[in-house]
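Beneath this line is the structure, given in structure tokens, with notes to follow.
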Amino acid sequence: MGNLADIDENDLDLTTLMTLGPMAPVSNPHRIYSALRNDNPVSETTDTTSLAPGDGVRSFILTRYEDVRMVLRDNKRFSSDIVQRTIGIVMGPTVVGMDGQEHLKHRTLITPSMTPRVLKGDAFQDVVRQTADDAIDKFISEGHADLHHDFCFQFPLAVFVSLLGLSADHLDQVHRWVMDLCLVAHDPEKGLIASEKLLEYLTPIVQDKRENPGADMISTLVTSDIDGEQLTDFEVVSFLRLLVLAGAETTNHLLGTACYVMLDDSKLMARVRTDRSLVPALIHECMRWESPISTVVREAAVDTEIGGVQIPKGSSVLCHIGAANRDERQFKDPDRFDIDREDNEHVSFGYGPHYCAGSHLAKLEAEVALNALLDRLFNLKPDPDKPYRMIGFSFRGPDCLPVTFDPA
Ligand code: HEM
């Protein structure tokens, strides 16, 4: 299947891979991770990821499942403050960069806006389905599309815009700002401008919701309260900036991978098309097989040790959850995509105190979206003239998904 080789992957080592950036054009980095897991599971790197500060601190990368889980669960030895000092520059203060009591307080304040009880309501599911159908309506008569661009990418952001109660007319503009935010490590000026623009755009909306709360997510966030303490307008806007990025970019890759595996295996697609009860298992295995977010960073808060390797205080520790999800110590035949897998406790939503707050929403969106595609696109196949492949280091997903189907 689609394999454009613009770099020779056989010559690639970890350092080169990391310098190629979060969406490195590398279709199979798993060979490198497998060697690391077996020979050098706590490996010092000469380079840091684009999420780390690059200020001369020592950096280590972990590739084994148990090491990754140990670090993510231990917020005392391994702090998330490094996240605050990196993406916090464009996001502002958010849960993902906080530790201990401060994290707990913020997490408690944001949780009511994302409970499954709110998300599982029929009204919300109808909105998500309608959003998927609207996206499909735009290309279904053509008989061909790039599912990555025309669907996987557009759909989660459109859900977010409606979930937040923002005007659909602003979707394209919000989309552009989000893209600039994503690229902050490569173009800091653009990232900072987008961050400012989102602040200017969202602040009056947040202020208005505080005065006139409705049933949307922003209203739930501004009215959430513990012991009389509420999030400030700036904290709410910061959180929303995190959400558009955390919510839209990741779900896009998850959907892309799900389409990729079905296009790759027509029998699998036929099986899922006929038995929709398999959709959650398909999503779950996609999350493990190619983790949409592949790396999560922490900082050693004390001098410490992992697997016999000394980690000085202040070092950055990159937990490679994509590599951990293919650890042969945890998963049988880990490189194989297996929808019937039972041993599937992947760490793609993270682990421990920072476990993804939006996991229910992500799974719901992916389920509704895949069902909409399978309900409406018949004879769905890869376009034989247009290759595509999985890419990425910090994020994983297909680079494009050109397909053909029966026009309707
Ligand atoms: C497939 C989709 C998604 C994936 C793979 C994913 C993955 C993750 C991971 C790995 C973390 C842990 C970060 C860390 O430990 O530093 C995380 C945290 C988080 N995610 Fe997601 N996420 C997804 C979708 C979403 C969505 C849709 C939302 C919003 C509704 C969301 C909101 C958050 C938030 C707020 C946190 C921070 C939680 C905390 O720090 O306590 N995510 N996500």
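If you're wondering where the values come from, they're calculated on a predicted model, not measured in any experiment.
Aromatic ring centres of His170 and Tyr201: separated by under 6.0 Å.
Identified under the side-chain hydrogen bond (donor to acceptor under 3.5 Å, both in side chains) test for residues 63-73, with sequence neighbours left out: Tyr65-Arg69.
With no hydrogens or angles considered, no side-chain donor-acceptor pair links Ser113 and Thr220 at under 3.5 Å. Side-chain contact of Glu285 with Asn344: a donor-acceptor pair under 3.5 Å is present, judged by distance alone. A donor-acceptor pair shorter than 3.5 Å can be found between the side chains of Arg241 and Ser195. Side-chain atoms of Arg273 and Asn371 include no donor-acceptor pair closer than 3.5 Å. A donor and an acceptor atom, one from each side chain of Asn325 and Ser348, are located under 3.5 Å apart. No side-chain donor from either of Glu102 and His106 sits under 3.5 Å from a side-chain acceptor of the other. With 3.5 Å as the limit, one finds a donor-acceptor pair spanning the side chains of Ser27 and Glu9. Counted by atom type alone, Asp99 and Ser79 present one or more donor-acceptor pairs between their side chains at under 3.5 Å. Side-chain contact check for Ser238 and Thr94: no donor-acceptor pair (N or O, by modelled atom type) lies under 3.5 Å. With 3.5 Å as the limit, one finds no donor-acceptor pair spanning the side chains of Asp134 and Thr131.
Within a 6.0 Å radius of CD in Glu189, no more than 12 heavy atoms belonging to other residues, nucleotides or ligands are found. For NE2 of His149, the number of neighbouring non-hydrogen atoms (other residues, nucleotides, ligands) closer than 6.0 Å is 12 at most. Within 6.0 Å of atom CD in Gln207, more than 12 heavy atoms from other residues, nucleotides or ligands are found, so the atom counts as buried in its surroundings.
Looking at Val403 and Lys381, their side chains never come closer than 4.5 Å, going by heavy atoms from C-beta outward. Val71 has its side chain within reach of Ile306: a pair of non-hydrogen atoms, C-beta onward, lies under 4.5 Å apart. Here the side chains of Met114 and Leu243 are in contact, with some heavy-atom distance below 4.5 Å. For the pair Arg396 and Met23, the minimum side-chain heavy-atom distance is 4.5 Å or more. Here the side chains of Thr251 and Leu361 are not in contact, with every heavy-atom distance at 4.5 Å or above. Residues Ser80 and Asn75 are in side-chain contact: their nearest non-hydrogen atoms beyond the backbone lie under 4.5 Å apart. Using a 4.5 Å heavy-atom threshold, the side chains of His346 and His284 count as touching. Considering only heavy atoms from C-beta on, Asp343 stays 4.5 Å or farther from Gln330 through its side chain.
By the 30° and 60° cut-offs, the orientation of the rings of His148 relative to Phe153 is tilted. Phe337 and Trp289 have perpendicular rings, their planes meeting at more than 60° on a 0 to 90° scale where under 30° would count as parallel. The aromatic rings of His30 and Tyr33 sit perpendicular, their planes meeting at an angle over 60°, well past the 30° parallel limit.
Atoms OG1 and CD, on Thr108 and Glu229 in that order, are 11.0 Å from each other to the nearest 0.5 Å.
Panel note: side chain Asp303, backbone Pro312; no donor-acceptor pair is recorded below 3.5 Å.
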